[in-house]
Amino acid sequence: MAIITAEQQLCDLYNAANPSLPHPLTPDDVTFGSRGPYTPEDTEGMEIIPNYALNMTAREDSPHFFEGITVHYRRVPTGFTGGTELVDGTLTDWNDDDFVLGYFNTLLQRQYMRDAFLLEEVEITRVDNETEKTRDVTLSFRNHIKFTDDTITWMVHVPEEKFDLSGANGELNGF
């Protein structure tokens with residue numbers, strides 16, 4: 001299944017809510033501006049209660065739209081429960097941001113087949129955990145258009161350093 005950007009999915013929701021538009025809204029028509037939590041004053045009769053607000057402003061070069069609108073909609077969780085997960089792999093792999101993002105997107109697509117994050121949408125940090133002898137790799141994202149804020153951490157086993165015996169002193173005293 002093809003990946004569809006969160007921006008395009010939001011435009012699709014907007015178009016579905018406004019079927020009489022003479023032209024469907026696309027991400028090329030608008031800029032996605034300020035955004036943040038939203039709580040409606042009255043939720044009576046609402047099937048889905050929105051939890052987020054985002055400003056969309058028509059681009060000057062849009063042939064079909066002008067001005068802007070604040071849309072209210074419900075962001076969804078990624079399905080990760082937080083916490084820390086011990087994973088397989090090499091430190092070389094887990095030190096590569098593209099590898100970490102690819103691993104995350106593979107997990108995400110089990111539930112959201114049309115979605116994938118880009119590197120500029122996430123923050124990846126690494127910390128050596130001396131107690132557990134792991135490198136903790138944390139991926140987090142905030143203020144995403146579709147998904148609620150989340151953080152997931154993977155623990156990668158740090159192998160014991162091996163010592164080259166060939167460079168050691170072979171002359172022993174004793175016995």
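Along the sequence shown, residues are numbered consecutively beginning with 1. Computed over heavy atoms, backbone and side chain alike; hydrogens, waters and symmetry mates excluded.
- When hydrophobic clusters are built by joining Ile, Leu, Val, Met, Phe, Trp and Tyr residues whose side-chain heavy atoms come closer than 4.5 Å, directly or via intermediates, Ile145 is grouped together with Ile69.
- Residue pairs meeting the ring pair (Phe, Tyr, Trp, His ring centres under 6.0 Å) criterion with at least one partner in residues 112-138, sequence neighbours excluded, are Phe104-Phe117, Tyr112-Phe147, Phe117-Phe141, Phe117-His144, Phe117-Phe147.
- Hydrophobic clustering, with ILVMFWY side chains joined whenever heavy atoms are under 4.5 angstrom apart, keeps Val87 apart from Val127.
- Judged as a salt bridge (charged side-chain N to carboxylate O under 4.0 Å, His left out), and not counting sequence neighbours, the contacts of Asp97 are Arg126.
- Taking each heavy atom of Thr78 and Gln111 in turn, the nearest pair found is O-OE1, 3.6 Å.
- Put simply, the side chain of Thr70 reaches to within 4.5 Å of the side chain of Asn55, judged on heavy atoms.
- Within the structure, every pair that satisfies the ring pair (Phe, Tyr, Trp, His ring centres under 6.0 Å) test and touches residues 20-40, not counting sequence neighbours, is listed here: His23-His64, Tyr38-His72.
- For the pair Asn95/Thr92, no side-chain contact is recorded, criterion being any heavy-atom separation below 4.5 Å from C-beta on.
- Side-chain atoms of Ile49 and Pro40, non-hydrogen and from C-beta on, do get closer than 4.5 Å to each other.
- Enclosure of atom CD in Gln109 by more than 12 non-hydrogen atoms of other residues, nucleotides or ligands within 6.0 angstrom is indicated.
- Asp115 and Ile4 get closest at one heavy-atom pair: OD1-O, 4.1 Å.
- Not one N or O on the side chain of Asp128 forms a donor-acceptor pair closer than 3.5 Å with the backbone of Glu130.
- The aromatic rings of Trp94 and Tyr103 lie perpendicular to each other, with more than 60° between the two planes, well past the 30° mark.
- Under the 4.5 Å side-chain contact rule for hydrophobic residues, Val30 and Leu21 share a cluster.
- Within the 4.5 Å cutoff, the side chain of Asn15 has no heavy atoms near those of the Thr26 side chain.
- Using modelled atom types, one side-chain atom of Arg142 and one backbone atom of Asp150 make a donor-acceptor pair closer than 3.5 Å.
- Under the 4.5 Å side-chain heavy-atom criterion for grouping Ile, Leu, Val, Met, Phe, Trp and Tyr, Val137 is not connected to Met155 through any hydrophobic cluster.
- For CG of Leu118, the number of neighbouring non-hydrogen atoms (other residues, nucleotides, ligands) closer than 6.0 Å is greater than 12.
- No donor-acceptor pair closer than 3.5 Å links the side chain of Arg35 to the backbone N or O of Tyr52.
- Within 6.0 Å of CG in Asp88 there are 12 or fewer heavy atoms belonging to other residues, nucleotides or ligands.
- Side-chain contact between Pro63 and Asp29 is present, with heavy atoms from C-beta onward closer than 4.5 Å.
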